[in-house]
Number of protein chains: 2
Amino acid sequence: MLEAKLDQAIMLKRLLDAIKELVTDANFECTEEGINLQAMDNSHVALVSVKLDAVGFTKYRCDRPMPLGVNLGSLTKVLKCAKDDDVVTLKAGDDADVLNLTYEAKNSDRIAEYDMKLMDIDSDTLGIPDTDYDARVTLPAAEFARIVKDLSTLGESVRIEVSKEGVRFASDGEGANGSVLLKQTDAAREKYAHYNDDDEASGTKDEDEEEEDGEDGEGAKKKKSKKSKVKTEDVEMDGEDEGEEEFKAKSDDEGEEEQDEEEEGNKKKRKTAPTKPAAKKSKKSDDSESPDGGVSIEMNQHVTLTFSLKYLVNFAKSSTLCNVVQLMMSNDVPLLVSYKFAQGHIRYYLAPKIGDE
Amino acid sequence: MLEAKLDQAIMLKRLLDAIKELVTDANFECTEEGINLQAMDNSHVALVSVKLDAVGFTKYRCDRPMPLGVNLGSLTKVLKCAKDDDVVTLKAGDDADVLNLTYEAKNSDRIAEYDMKLMDIDSDTLGIPDTDYDARVTLPAAEFARIVKDLSTLGESVRIEVSKEGVRFASDGEGANGSVLLKQTDAAREKYAHYNDDDEASGTKDEDEEEEDGEDGEGAKKKKSKKSKVKTEDVEMDGEDEGEEEFKAKSDDEGEEEQDEEEEGNKKKRKTAPTKPAAKKSKKSDDSESPDGGVSIEMNQHVTLTFSLKYLVNFAKSSTLCNVVQLMMSNDVPLLVSYKFAQGHIRYYLAPKIGDE
DNA sequence: TGTAGTACAC
DNA sequence: GTGTACTACA
């Protein structure tokens with residue numbers, strides 16, 4: 001039996017707007033810890049991973065793990081019937097074939113109830129192992145959205161170059177070439193210094209700061225690159241990056257997220273107390289104090305990757321969920337685009353284009 | 001080498017919005033004095049003429065005359081990538097085949113750079129000789145836009161009648177006929193009394209004022225019509241007004257604008273000092289002090305002309321550039337619709353419909 | 001916010 | 001095949 005109560009329906013609405021064009025059907029994997037969703041996009045090029053923490057709900061109860069196979073179109077329709085600030089309760093009985101949604105007005109003089117049919121979805125849960133990234137760029141979500149949208153009018157793909165000074169997005173098109181350089185700002189570095197402290201997979205903040213303050217060149221960077229990477233989940237890549245079926249299915253049905261918590265020993269160290277309560281606090285404050293923040297860059301190595309703009313534009317729809325986005329990159333590894341919000345996070349993975357495809 | 005810096009990207013954006021539907025490709029003729037653009041609309045019925053004064057730029061340098069063949073669609077795309085208050089710098093090397101546009105955020109932590117491919121465009125620069133118009137109507141641009149948009153829902157064309165009392169726009173359509181009369185107001189007459197003082201082609205203000213104050217009838221007007229017309233550039237008309245190829249190409253590649261400055265002796269006199277500095281000042285003040293102005297009419301002769309509404313609606317897009325528009329008319333001569341703004345002006349010419357075509 | 005394209009239903 | 005409705009883009 002699942003029962004999850006959420007204070008603001010708009011959060012769910014935005015979440016669905018953010019993924020429904022990418023994915024049509026997906027399993028909401030409900031466990032004691034919360035709700036996870038993971039799915040390849042329809043053309044199997046990108047991967048979406050959503051996590052809603054149990055603690056993010058006003059009330060959360062899930063007796064035993066249950067996957068809820070949801071058609072996202074249907075859910076979107078049903079959610080449209082909720083007012084933005086309605087209190088939403090999701091309910092599903094064990095082995096039920098419907099998800100029950102209850103919308104309660106704040107003054108509770110209106111109660112709407114919907115039963116949405118569930119479906120069986122093959123859940124070849126995809127493996128998203130931890131990854132240490134060579135570069136992490138933290139920037140205003142609106143800025144990112146604007147840039148990829150702008151460049152998508154010129155060309156098909158964008159080359160993202162991360163260096164000390166900043167991050168450059170460049171696209172070559174028929175009629176024009178475009179390039180946007182975002183310079184790192186000290187204000188942004190400070191603001192986002194502890195942005196990832198509460199992550200299961202946090203970056204190596206202290207080391208990064210040292211590195212970037214010192215003026216070591218590319219050579220020095222490369223030496224370090226193996227020992228102080230920016231860590232997060234990563235995806236397994238196929239050998240060939242042909243733009244289709246980039247991710248491998250994995251038989252393991254759980255632990256994609258939580259296993260990270262245990263993998264502390266891999267090439268990185270935590271900066272501060274990684275306990276959940278403290279972390280939540282710091283995240284909250286970061287989220288709210290980002291009015292027009294600049295760009296912050298943590299990196300071990302110069303990274304240059306090329307991606308399909310179409311997908312990035314789609315990812316940027318999550319700007320409604322959070323006004324900060326993080327891009328994690330390593331050469332020849334899928335880009336991770338991550339948005340955090342009060343209840344959890346949404347992450348997109350996109351394999352880079354190789355050569356001039 | 002061209003280098004032109006503009007403080008607000010939005011000005012260029014609006015300018016392109018104002019002409020891109022009319023013209024697909026055009027030469028930006030860059031000279032020491034500024035940038036001029038002149039082009040027939042795609043169906044060769046209307047003519048657009050844009051002037052950007054060198055002094056209107058924050059920084060302007062153009063070593064030698066160079067025509068930049070621009071696809072306005074591409075330029076529009078590229079300009080869309082600029083934020084409204086970005087500082088824009090246009091650069092083009094001698095014989096370069098690209099125009100470089102740099103957008104700098106006011107706080108300059110974002111720098112975007114675009115290279116737009118240029119093209120060779122046959123620049124049969126069109127002859128726009130001076131013309132003395134029989135009537136000049138000055139009115140709020142929004143008013144004009146509203147009227148032509150309203151009437152365009154009823155019929156194809158509009159009959160514009162200028163008389164002492166005011167200007168009438170009338171359209172006959174299938175289901176309904178419409179007619180809008182704007183009466184001249186004294187306040188507007190005063191307000192726009194010096195609106196054209198800085199033009200290379202200014203009107204004959206003193207005489208006009210006298211005429212309209214006196215109550216001479218049509219007969220008296222006609223006698224005067226040859227000696228005190230409202231002067232501006234005009235276009236050479238083809239003999240036949242068949243709605244196609246209304247304007248004649250001219251081999252002369254320059255002097256369409258500046259030659260006017262020298263033609264002081266032709267049937268008109270200037271009211272006040274026509275020197276540039278003074279002129280700029282008076283224009284600026286006029287531009288700013290037009291909050292909801294009325295209609296001002298200067299005329300020597302009753303004028304009635306019929307035009308295609310489709311084009312006028314298009315011209316009215318320039319309302320974003322200036323909130324005052326001037327209509328210059330003489331019987332059987334193309335209408336001139338003129339918008340002035342801080343950096344220069346945009347003028348549209350449209351041949352009248354003859355008979356009931 | 002308005003429009004244009006697409007998808008579905010009749 | 002046409003109409004309407006919804007969705008995505010400008």
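Labels below follow one simple rule: chain letters A, B, ... track the order of the sequence lines, proteins then strands, and each chain is numbered from 1. Hydrogens, waters and symmetry mates play no part in the numbers below; they use all other heavy atoms, side chains included.
For Arg146(A) and dC9(D), the CZ to P distance is 16 Å, given to the nearest whole Å. What separates CG of Asp150(A) from P of dC9(D) is a distance of 15 Å, to the nearest Å. When the P atom of dT7(D) is taken as reference, atom CG of Leu16(A) falls 12 Å away, rounded to whole Å. A straight line from CG of Asp17(B) to P of dA10(D) spans 14 Å, rounded to a whole angstrom. For the pair Lys317(B) NZ and dA10(D) C1', the computed distance is 13 Å after rounding to whole Å. Atom CD1 of Ile19(A) and atom P of dA8(D) are 13 Å apart (whole Å). In this entry the distance linking CG of Leu72(A) with P of dA8(D) reads 12 Å, nearest Å. Summarising the geometry, the separation between NZ on Lys310(A) and P on dA8(D) is reported as 14 Å, rounded to the nearest angstrom.
Listed for the Asp41(A) side chain is a donor-acceptor partner under 3.5 Å among the backbone atoms of Ser43(A). Checked by atom type and distance alone, the side chain of Asn27(A) pairs as donor or acceptor with a backbone atom of Ile121(A) at under 3.5 Å. Between the side chain of Ser171(A) and the backbone N or O of Ser157(A) there is at least one donor-acceptor pair closer than 3.5 Å.
Counting non-hydrogen atoms under 4.0 angstrom, Lys20(A) reaches the backbone sugars and phosphates but no base.
Counting only heavy atoms from C-beta outward, the side chains of Leu350(A) and Leu312(A) approach each other to under 4.5 Å.
When the side-chain nitrogen and oxygen atoms of Lys80(A) are compared with OP1 and OP2 of dC6(D), none of them lie within a distance under 4.0 Å.
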